[in-house]
K.L.:
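I have a structure I would like to understand better, so I am pasting it below and will then ask my questions one at a time.
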Amino acid sequence: MRFLTAGESHGPQLTAIVEGLPSQLELGVHDIDPWLALRQSGYGRGRRMQIETDQVQIMSGVRSGKTTGAPVALVVPNKDYRNWIEIMNPEDDGVIRKKALTKARPGHADLAGGIKYGHKDLRDVLERASARETTMRVATGAIALKMLADVGVQGINFVQSMLDIESQVEFSWDALEAVENSLVRCPDPEASARIVAAVDQAKKDGDTIGGVLEIRFRGLPVGLGSSMHWDRKLDGRIAAAVMGTQAVKGVEIGHGFATTRVPGSKVHDAIYRNEHRGYYRVSNGAGGLEAGMTNGEELIVRAALKPIATLMTPLPTVDVVSKEPADAARERSDTTAVPAAGVILQCVIGWVLAEALLEKFGGDTMPEIQQRVEEYRKYTLEY
Ligand code: EPS
């Protein structure tokens, strides 16, 4: 499976082509749009989210609510394009550069991208680097999540901390409701309220806020990924997908960096077996991955998201046209996108898992895959 995305933040539309999906997967816009809506939510977003109501159009590869096996083309129009048509129109050779950006924002793609791609209007860089692009990674990831759900795999994402405000509640799958009820997707109501206040303060200060996200999946078959080939190890592929998401600066699986602070006897998860559960662990420091393969326990991934680089109280920079010192450009932006990032990361990790599922269980049709997963689950229990 693979996909390509295209589209600028203020261009006409966002596009994705997904190739390699099995046929007979039940799929409709109702499987994708709720994820797009979740991605738009979260306290701390800017005015752009009031302009957009992202809804996907499925342009190919699906008939009567099922995939045919053909490439699936997806489109999400940018409603804001009508306000940018003079600036972003791909057809117009007299494009007005009235929103040209020359004062490179520290932490954004602007300066390195301008040098690399040879642009002095840094809008030509930022329009694609924008996190608007994650819309299509959510749309494609939502398809992966549907495949996973059809073989009994469930995911969840939530905010663990923002600034020094940390969720104090022990994780539970029943927390989903608390997460959905929280303005910032944090399962701890008290931490959630403090984070909302911190976002308000940051907005007043012209500042931005990052945070730590946690994403979990349960019900994964044992042995997705590989211990034999470095580039097929699932932890590496998950880390690449997570780090390939805008603003992510760190990724951790299971106890991650904390495993370095205690000896091995306190790190590794003892193995038990009974007839009902088969092999299992009572701890999960490994976060569901050993040697690049799923081990049947919950997959636990954490990611660190840096604060958004567009600051209303800007940092010093250089104007790439005048080459004089300047304050970095101010653009309409979000105070934080941490809550949305959890949704995005669940989708991009879901994609990697669905890919690994297809590698292991093959099959041109979804019913074939489902049957093979079911047989393999029986085999795993008896092994
Ligand atoms: C973004 C800036 C803001 C965000 C945008 C990412 O958009 P605008 O410049 O139109 O105000 O809202 O995120 C999205 C549009 C989105 O859908 O996530 C940036 O510069 O990266």
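Counting convention: from 1, in listed order, for ligands and their atoms alike. One is the number of the first residue; the rest follow in order along the sequence.
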K.L.:
State whether Arg105 and Asp327 are salt-bridged, where the test is any N-O pair (Lys NZ or Arg NE/NH1/NH2 against Asp/Glu carboxylate O) under 4.0 Å.
P.N.:
no
K.L.:
Measuring from atom 19 (C) of ligand 1, which candidate in Ala340, Ser130, Ala341 has the nearest non-hydrogen atom?
P.N.:
Ser130
K.L.:
Taking only heavy atoms of His10 into account, list the atoms of ligand 1 that are under 4.0 Å away from them.
P.N.:
8 (P), 9 (O), 10 (O)
K.L.:
Tell me, do Gln55 and Val76 make a side-chain contact under 4.5 Å, heavy atoms counted?
P.N.:
no
K.L.:
Pick out which of His255, Glu214, Gln160 makes a side-chain hydrogen bond (donor to acceptor under 3.5 Å, both in side chains) with Arg302.
P.N.:
Glu214
K.L.:
Mark the output for Gln246 as yes if a heavy-atom distance to ligand 1 is under 4.0 Å, and as no if none is.
P.N.:
no
K.L.:
Does at least one non-hydrogen atom of Gly46 fall below 4.0 angstrom from an atom of ligand 1?
P.N.:
no
K.L.:
Heavy atom to atom 20 (O) of ligand 1, shortest distance: which of Glu331, His108, Arg128, Glu133 holds it?
P.N.:
His108
K.L.:
Thinking salt bridges, do Arg137 and Glu133 make one under a 4.0 Å N-O criterion?
P.N.:
yes
K.L.:
Looking at ligand 1, is there an atom of it that comes within less than 4.0 Å of some heavy atom belonging to Gln40?
P.N.:
no
K.L.:
Is the shortest distance from a Lys or Arg side-chain nitrogen in Glu359 or Arg232 to a carboxylate oxygen in the other one below 4.0 Å?
P.N.:
no
K.L.:
Quick check: closest heavy atoms across Val151 and Gln370, and the distance to 0.1 Å?
P.N.:
CG1-CG, 3.9 Å
K.L.:
Give me the residue, atom name and distance of the protein heavy atom closest to atom 15 (C) of ligand 1.
P.N.:
Arg132 CD, 3.2 Å
K.L.:
Between Met49 and ligand 1, does any nitrogen or oxygen pair lie at a separation below 3.5 Å?
P.N.:
no
K.L.:
Which one of Arg39, Arg48, Arg45 has a non-hydrogen atom at the shortest distance from atom 13 (O) of ligand 1?
P.N.:
Arg45
K.L.:
Considering heavy atoms of the protein only, find what lies nearest to atom 9 (O) of ligand 1 and give residue, atom and distance to 0.1 Å.
P.N.:
Arg332 O, 3.2 Å
K.L.:
Just by distance, with hydrogens left out, do Glu298 and Trp173 show a side-chain donor and acceptor under 3.5 Å apart?
P.N.:
yes
K.L.:
Would you mind listing which atoms of ligand 1 come within a distance below 4.0 Å of any non-hydrogen atom of Asp334?
P.N.:
4 (C), 12 (O)
